Amino acid sequence: TVFFCISFTSPHHLFHCPQSNCIMTSKYNIITFLAVNLFEQFQEVANTYFLFLLILQLIPQISSLSWFTTIVPLVLVLSITAVKDATDDYVSLWHTHIAYFNCQAPLHTEICLQKEKWMNVRVGDIIKLENNQFVAADLLLLSSSEPHGLCYIETAELDGETNMKVRQSLSVTSELGDPNNLAQFDGEVVCEPPNNKLDRFCGTLYWKDCKYPLSNQNMLLRGCVLRNTESCYGLVIFAGPDTKLMQNSGRTKFKRTSIDRLMNTLVLWIFGFLVCMGVILAIGNAVWEKEVGALFQSFLPWDPPVDNFLFSAFLSFWSYVIILNTVVPISLYVSVEVIRLGHSYFINWDRRMFCSRSNTAAEARTTTLNEELGQVEYIFSDKTGTLTQNIMTFNKCSINGHTYGEEQHMAALDFSAWNPLAARDFCFYDQSLLDAVMEGEPAVHEFFRVLSLCHTVMSEEKSEGELLYKAQSPDEGALVTAARNFGFVFRSRTPGTVTTQELGKAVTYTLLAILDFNNIRKRMSVIVRNPEGRIRLYCKGADTVLFERLHSCNHELMNVTSDHLNVSDGLRTLAVAYRDLSEEQWEEWSEHFRGADKATDCRDDRLAAAYEEIEQDMMLLGATAIEDKLQEGVPETIAILSLANIKIWVLTGDKQETAVNIGYSCKMLTDDMTEIFIVNGHTVQSVRGGAANCMPDESKCPPPQAPPPSLLESIKYFPLSLGQAHALEADMEREFLETACACRAVICCRVTPLQKALVVELVKRHKKAVTLAIGDGANDVSMIKTAHIGVGISGQEGIQAVLASDYSFSQFRFLQRLLLVHGRWSYLRMCRFLCYFFYKNFAFTMVHFWFGFFCGFSAQTVYDQYFITLYNIVYTSLPVLAMGIFDQDVPEQRSLEYPKLYEPGQLNLLFNKREFFICIAQGIYTSVVLFFIPYGVLSHATQSNGVPLADYQTFAVTTATALVIVVSVQIALDTGYWTAINHFFIWGSLGTYFTILFAMHSSILFNIFPKQFHFLGSAHNTLGQPVVWLTIALATVICIAPVLAFRFLKLDLKPQLSDTVSMSVTIVCLS
Amino acid sequence: MGKKQAGTGPLSRRPDNSAFKQQRLPAWSPSLTPQTVLPTFYILSLVCLLLGIWLLITVEYTYELKVDYTDAGTCEQCFNLRKHAIDSSTPCKCTVSFHVPKTFPRVSFQHDVVRLSARCLPQGDVFFYYGLRNFHQNLRRYMDSRDDAQMVGRKNNLKAPSSYCAPFDYDANGKPIAPCGAVANSMFNDSLTVMYNPTDGSKIQVPLYRKGIAWYTDKNVKFRNPPTNNTFSLQQAFEGTTRPLYWQRPVYELDDTDSNNNGFINDDLIVWMREAAFPNFKKLYGVLNRAQGPFTEGLPAGNYTLSINYNFPVEPFRGRKELVISMVTWFGGQNYFLPIAYLVTSGLILVTAVVLTTVFVKVGKKGKNMEE
């Protein structure tokens, strides 16, 4: 085992090379940027390919194009990418500064305390932390201002848990209170190497010839916040990237969209196509050189190394590879990046995804996944904090068979009048409960007494009467707050006592025992001795558990209460009970308890048994109902998303009952889902049985007519199917998946973070569907990272989820806009873009192929080389980019009104292999027209002054002009949303073409570089001829008319929903 | 609203409410409705039809005559003579007789329709072309094998031909060739003379303008002779260069009679240097001079004799040579492809339009799945 050794004789003197706390998340620096970036870029196959082409072009026998036709686009593409990388890097560098430079942590050096920036903190330093400060590095707690070296921390940033945790320093170090003593501290820490386990730390402190074991209990990890503790001192153990937080953030897996993968496949196919074309033309060249070229030797002898037609054909193959390389569009990848960047900005700029309450706008944290937002089929959602606000409110209660809080619409009660300690933000609407308290009903009093005593909440009283509760769970806080407002105020606790103020009178209870909550017990109890000396056990817990342990005389009350509980729509309920204990009972049990507590083996089981023993024969008091309020618009969002054929699975760590309740309240489960399956079992067999029960039922009711059954999947068996039982693994997975996918709604309860990821992984693997995971807490991080798209809700539980996510916003309801508006548009735009892009490149390039048959397969280009250079990057790039960024088929409201519009994305209809072949076919058709129409006309035509038009340069200019016009008309046809920018780019591109054409063919340039600009006068001579324009017009009509006809037929015979919707919009606008 | 609030207000991070950022830019969303598409098709069809007819009528009034003289008449022996040896030191002359059935141009405007467009119809100019078949001027290496910097008369380039010209850049003695390259080397060098044989027996040579047959930019910008003056002749300017391998005369003797047509700015050379895009092509040889004689109205019908200085070998590459006599209209010479293509397109579009209309009326379900 490797151990890290940190040793020091004085705090600022270190023997181990200290790790600085500065975290560089940026990849480059100014000096290495160019080299590193270029190296990275040439790892892209496409870029390397173009470099290879460039090298080919330098061989004179092969070079069919000038070197600049490849280098100009390549340099342009590389520099755009480099600028983007640099910007990304600069932004992340900037984030680094924001995150780590603006916090100043007081650092202890020398004898005096000195403020230092976080980045300057080094391993071995001793740091003083103050209340509410972030912990800057992983620290060994040395001492604190609180007694016994205790301190409290909040770990929300780390694991998403909002409650406070206690950390304690070693007793030997806790005595070192003041800085002067700390300065004398010289110990040596030997510990495990940096790792990402948040809940474990293993090390030893050697100090003054003694060994002290260190555990996680002594550690303050980076990312925690110090709470309820005035100050504390810590020794830096891990800093910077070694900290557990940074180790945990891990390398995010690079996500690619399905369009990306398809694109890569298609590019490979195009490579194949290119090679085929090359081979065909090379064979043609061999034949031609043998039959014709050999005879033409006297006019044009072969180049020196060529001595036979086969070698000539070989060279011709490479020459054609160079010429036809434009079918693999160099600017494809960079254009796609630019479009995605644009879409990401639109997400960031969307005011309707801005939450004014938390002042957060939506953020696209990755710019590579946008179009996949338009293809999502499965959404995996966390519950707490994602669907709900994670703000608990005490909503109803049932006390002694009487319910309170049913009426919701009256004015909120005013507690402050009679209870100065009441919390101001607490709302309750039922006057009768307050009356009952006033009247002194004993059951009601006892009920609230339980709530004020039976909990693990910490209180903080800054000034008299200003109480602040720190609760492990928001539920608990809500209950204690409720008790506080109804006059049973929890004021403070010590390890042995709880002090409350009951209706204005301070009471101190002796805390005899806390019988802790856990997931199996589902209840917690306290045993207290009241000032009168009576011993009582107070218990609160899940109704099902508690009802089993009641005294038999409670039967009637139990029935009434459980009736009340059954109508608790979507609320989190707890039953409350008490038991009087005699002194003897207590003595006897505490003996037991101590025995169990001290046991070394099976301590937990023994403790549980001991608890079980005392929690019997309890008297029911009533039940509470807490509402975890749904976020705004959640039911509507879920309804719309389901209409869009997106399946929503809720994965929650919560218990089944709560999950079902939330399921109902957010309309995932509805009353017409009569068949709810609950698959719940501890063993493989029972799960099998449960799952098997579901299947026949489903086959009984044919899915389309009857509402599909919904399934409640308790995830308990899941570890079995995925973990231990390897033999059954694949088996169970399939069954689980089949069952779950047959259902309309799936809720998985009691899921651990890892299982969340496994479920996502399972669906991803078997369903080949695009998955989206949305969550807010650290427990959702694994799922967010696993899913194709991870969405983080920036809410109550820290920023871990947001940091791991691809998109983040603060309200669940923004999801509908993200998917149905932004996602849908992104997908649509990307598909239209790709179709057009492949089309225009094929139309452009294949003309060379046809010309090959007339020029002896000599790899003569049809166009001027400048045209070849500029076609992709100047003449045709901006209109299609504008379309890819701005196009809209239907207005945004419509995509929310008609969620079905989302379906083409899920079914992958807009760009797939079939669509690709259609584009290619259209491109090839266009190239045929563009070659043969000018060929037919020009080979015999003459100018009106008798000069033949069949010269090469005229032909080149005519074809190029026709091509630019045809593809411009095509993009005009493809553009569905003509903004001013589209107009500008389309007309601008045409204008640029003619401007550059005339400039390139001008005598000025010729006079400077006669060899390079030998097309002198061609533009002028050619475009002045009516016959040329008639040719171009004819070619355009022949290219476009069939497209128009097909589109019209498709629209007429098989209209898509989007067509109909946009049509109706037009009609509405007209009428 | 549109401005970003400064500072840290509760809405400080709210995105701007600009139409651009909110994707609400005013825009025009055209869609393919039957009301726009169907009329478009009919109109297109009509326009193509009218254009086609107009072009066809125009073309009908042009006339073209081709005389293949490769091995016709007395040229067979020349053809055989040039079969093997490319070096043509022995001159060979031959003649080919041909008949012009109709007067060029046919100026009989009987129809009213035609009279309207009479101004656009042939003006009486008759063009003489030489045509080559199966001669590939469009090979990549052939087209590269020239030096435009040399032919623009630059002193430095004149005697240092571009390496692209190889192997026609230097002769066996290492003398630079001017003009260099395969294109210039293979220049068409037959000279053609056409004699009119009127029925009265006298022979009249058809007078041709042999100048003004190239693009203005070519003649005046692209091709320039090295600078000369009264004391410094063209020959001296070309001192130190040698003629291309297959040429009989050096470049400065292409036209001794006219210094404006000599050297690099010789029209024949310029015409040849403008490479044809396809293997079968014709190049302008001369324009009928209608100053006098029977040619004022054009080329009269009758018998003609073509005498050729037969230099250019076509047998090696199985090519053909021909004389093409043609006249032009406003849109050029005889060219049936364009009008026919327009008429065919018009027909196809009409058929498509009818099909589309039928489909729309009979089976279309526009808007019917709105309820779905």
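We use all heavy atoms of the structure for the numbers below, so side chains are in, but hydrogens, waters and symmetry mates are not. This is a predicted model, so every value here is computed, not measured. Chain A is the first sequence line, chain B the second, and so forth, proteins listed ahead of strands; every chain is numbered from 1.
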Distance-minimising heavy-atom pair for [X] and [Y]:
{"X": "A/Pro301", "Y": "B/Arg141", "answer": "O-NH1, 3.0 Å"}
{"X": "A/Asn945", "Y": "B/Phe127", "answer": "O-CE2, 3.2 Å"}
{"X": "A/Phe955", "Y": "B/Ala277", "answer": "CB-CB, 3.9 Å"}
{"X": "B/Ala182", "Y": "A/Leu300", "answer": "CB-CD1, 3.8 Å"}
{"X": "B/Gln23", "Y": "A/Arg829", "answer": "OE1-NH2, 2.7 Å"}
{"X": "A/Gly946", "Y": "B/Tyr129", "answer": "O-OH, 2.5 Å"}

Quick one: which of [options] has the most heavy-atom pairs under 4.5 Å with chain B, could you say?
{"options": "A/Cys355, A/Gly1017, A/Cys855, A/Ser358", "answer": "A/Cys855"}
{"options": "A/Val292, A/Thr360, A/Ile1038, A/Asn1007", "answer": "A/Asn1007"}
{"options": "A/Val862, A/Leu949, A/Ile933, A/Asn982", "answer": "A/Ile933"}
{"options": "A/Ala362, A/Gly856, A/Ala1045", "answer": "A/Ala1045"}
{"options": "A/Val1027, A/Thr975, A/Leu1016", "answer": "A/Leu1016"}

Is [Y] close to [X] at the side-chain level, that is, under 4.5 Å between some pair of heavy atoms?
{"X": "B/Val221", "Y": "A/Ser1003", "answer": "yes"}
{"X": "B/Leu139", "Y": "A/Trp288", "answer": "yes"}
{"X": "B/Phe281", "Y": "A/Ser939", "answer": "no"}
{"X": "B/Ser326", "Y": "A/Thr942", "answer": "no"}
{"X": "B/Lys283", "Y": "A/Val947", "answer": "no"}
{"X": "B/Phe41", "Y": "A/Leu1044", "answer": "yes"}

Among A/Ser316, A/Ser319, A/Ser858, A/Ser63, which one satisfies side chain to side chain donor-acceptor pair (under 3.5 Å) with B/Arg140? A/Ser319
B/Cys48: what forms a disulfide (SG to SG under 2.5 Å) with it, not counting sequence neighbours? none
Side chain from CB out, backbone as N, CA, C, O: work out which of these in [X] comes under 4.5 Å of a heavy atom of chain B, or both, or neither.
{"X": "A/His1001", "result": "neither"}
{"X": "A/Ser1018", "result": "both"}
{"X": "A/Trp302", "result": "both"}
{"X": "A/Tyr345", "result": "neither"}
{"X": "A/Gln1025", "result": "neither"}
{"X": "A/Phe932", "result": "backbone"}
{"X": "A/Phe851", "result": "side chain"}
{"X": "A/Phe354", "result": "side chain"}
{"X": "A/Gln888", "result": "side chain"}
{"X": "A/Ala1033", "result": "both"}

Test side-chain contact (heavy atoms from CB on, under 4.5 Å) on B/Arg318 and A/Leu295; report intermediate values, then the result. CA-CA 8 Å; B/Arg318 294 183 199 138; A/Leu295 309 174; 3.5 Å; yes
Intermediate values then yes/no, side-chain hydrogen bond (donor to acceptor under 3.5 Å, both in side chains), A/Gln953 and B/Arg274: CA-CA 8 Å; A/Gln953 296 189 345; B/Arg274 181 152 287 282; 3.1 Å; yes
Once rounded to the nearest 0.5 Å, what's the spacing between atom [atom1] of [X] and atom [atom2] of [Y]?
{"X": "A/Glu892", "Y": "B/Gln22", "atom1": "CD", "atom2": "CD", "value": "8.0 Å"}
{"X": "B/Leu32", "Y": "A/Leu973", "atom1": "CG", "atom2": "CG", "value": "6.0 Å"}
{"X": "A/Asp951", "Y": "B/Gln137", "atom1": "CG", "atom2": "CD", "value": "9.5 Å"}
{"X": "B/Ser31", "Y": "A/Leu1051", "atom1": "OG", "atom2": "CG", "value": "7.5 Å"}

So does A/Lys1011 pair up with B/Asp148, basic N to acidic O under 4.0 Å? no
How far apart are the C-alpha atoms of B/Phe360 and A/Leu1049, what are their side-chain angles, what is the distance that settles it, and do they pass the side-chain contact (heavy atoms from CB on, under 4.5 Å) test? CA-CA 8 Å; B/Phe360 171 64; A/Leu1049 276 181; over 6 Å; no
Could you walk me through whether A/Asn1021 and B/Tyr216 pass the side-chain contact (heavy atoms from CB on, under 4.5 Å) check? CA-CA 9 Å; A/Asn1021 268 293; B/Tyr216 174 84; over 6 Å; no
Would you find a donor on one side and an acceptor on the other, under 3.5 Å apart, between the side chain of [X] and the backbone of [Y]?
{"X": "B/Asn138", "Y": "A/Phe854", "value": "yes"}
{"X": "A/Tyr977", "Y": "B/Pro30", "value": "no"}
{"X": "B/Arg13", "Y": "A/Ser356", "value": "no"}
{"X": "B/Lys222", "Y": "A/His1014", "value": "yes"}

Test side-chain contact (heavy atoms from CB on, under 4.5 Å) applied to A/Thr979 and B/Phe20, step by step: CA-CA 10 Å; A/Thr979 63; B/Phe20 176 75; over 6 Å; no
For [X], is it the side chain, the backbone, both, or neither that has a heavy atom closer than 4.5 Å to a heavy atom of chain A?
{"X": "B/Leu55", "value": "side chain"}
{"X": "B/Phe168", "value": "side chain"}
{"X": "B/Ile349", "value": "side chain"}
{"X": "B/Leu25", "value": "both"}

Between B/Ser163, B/Ser186, B/Gly212, which shows the greatest number of heavy-atom pairs under 4.5 Å with chain A? B/Ser186
Scored by heavy-atom pairs under 4.5 Å with chain A, the best of B/Thr352, B/Asn185, B/Asp147 is B/Asp147
Taking the six-membered ring for Trp, are A/Phe931 and B/Phe278 parallel (under 30°), tilted (30 to 60°) or perpendicular (over 60°)? perpendicular
Is the ring pair A/Phe296/B/Tyr142 parallel, tilted or perpendicular, if the boundaries are 30 and 60 degrees? tilted
Please table the atom pairs, donor to acceptor, closer than 3.5 Å between any side-chain atom in residues 331-345 of chain B and protein atoms at least two apart or in another chain.
{"residue": "B/Asn335", "atom": "OD1", "partner": "B/Phe337", "partner atom": "N", "Å": "3.3"}
{"residue": "B/Asn335", "atom": "ND2", "partner": "A/Val937", "partner atom": "O", "Å": "3.2"}
{"residue": "B/Tyr336", "atom": "OH", "partner": "B/Glu60", "partner atom": "OE2", "Å": "2.9"}
{"residue": "B/Tyr342", "atom": "OH", "partner": "A/Leu1030", "partner atom": "O", "Å": "2.7"}
{"residue": "B/Thr345", "atom": "OG1", "partner": "B/Ala341", "partner atom": "O", "Å": "2.6"}

